[in-house]
Amino acid sequence: MKFFLDTAEIDKIKKWNDLGMVDGITTNPSLIAKAGRDHEQAIKEICKMVKGPVSVEGAGTTSEEIVKESEEFATWGKNVVAKVPMTVEGLKACMALRKKGIPVNVTLVFSAAQAILAAKAGATYVSPFIGRLDDVGECGMDLIEEIVQIYANYEFETQVLVASVRSPLHVVEAGLAGAKIVTMPPDVLEKMYKHPFTDAGMEKFLADYKASKKR
Ligand code: G3P
């Protein structure tokens, strides 16, 4: 199971990358704005720090615009993945970029039908947004199960990159569904380490160790 971090915050990427937990990075315009960084500088820095794929998204809406900006992004680092929207123009750009050898992540996917189209367009990754589906009363994880099943049925090579992840439970459920990649905010990764019984157990063992040293 691969862990991607869904952030453009360099200090947090460094922390988890140094701990060996980062297989890749996903960014989007909102995450870059949140990090308060210049887009190009931030992406170049991330691409140097992290060995795995780094998804980069622009603001183009026509396939020509998306291809043009993605080609520029691809010059910023060897590991850049073009992130394109799940639209007619986005999938047209996906096909063109794949022909040019640029890997593509199709984003803003909210249905299995859209995920089938992304796979047929040759996407390297598909990003279903599960948290946003949960937010409107739909079950995001049902969508992951459907996509994993459909891709297996047809041996599509597109990898399911579970996005809009909000909790450790999302990560666990994505694993049970057989998704290969989960992209999560750094605080979700932090939370995965935590369990109150671990803290309580540590406290007791340390206290008993100290007591036995006095004997
Ligand atoms: O990778 C997509 C992700 O950034 C969206 O997450 O929390 O804004 O729905 P969220």
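Numbering of ligands and ligand atoms starts at 1, following listing order. All values below were derived from every heavy atom in this structure, side-chain atoms included, with hydrogens, water molecules and symmetry-related copies excluded. Count residues from 1 along the sequence.
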Is there a donor-acceptor contact under 3.5 Å linking the side chains of E65 and T61? yes
Please confirm whether T183 comes within less than 3.5 Å of ligand 1 when only nitrogen or oxygen atoms on both sides are compared. no
Excluding sequence neighbours, so at least two apart, what forms side-chain hydrogen bond (donor to acceptor under 3.5 Å, both in side chains) with D38? none
Taking C-beta and beyond as the side chain, do M1 and V171 meet within less than 4.5 Å on heavy atoms? yes
Just which atoms of ligand 1 are under 4.0 Å from any heavy atom in R166? 7 (O), 9 (O), 10 (P)
Counting only heavy atoms closer than 4.0 Å, does ligand 1 sit against the backbone of V165, its side chain, both, or neither? neither
Between the side chains of T26 and T183, does any donor sit under 3.5 Å from an acceptor? yes
So, does Y151 use its side chain to make a donor-acceptor pair with the main chain of A115 at under 3.5 Å? yes
Could you tell me which atoms of ligand 1, counted from 1 in the order shown, lie closer than 4.0 angstrom to a heavy atom of F129? 2 (C), 5 (C)
Within ligand 1, which atoms have a heavy atom of R132 less than 4.0 Å away? 5 (C), 8 (O), 9 (O), 10 (P)
Taking 4.0 angstrom as the limit and counting only heavy atoms of D6, give me the atoms of ligand 1 inside it, by number and element. 1 (O), 2 (C), 3 (C), 4 (O)
Under 3.5 Å: donor-acceptor pair, side chain of S164, backbone of R132: yes
Indicate yes or no: does an N/O atom of T26 lie under 3.5 Å from an N/O atom of ligand 1? no
Using a strict cut-off of 4.0 Å, indicate which atoms of ligand 1 neighbour a heavy atom of A163. 1 (O), 2 (C)
Quick test: of every protein heavy atom, which one is nearest to atom 6 (O) of ligand 1, and how far off is it to 0.1 Å? S164 CA, 3.4 Å
Sub-4.0 Å atoms of ligand 1 with respect to non-hydrogen atoms of N28: 4 (O)
Salt bridge between E45 and R37, side-chain N to carboxylate O under 4.0 Å? yes
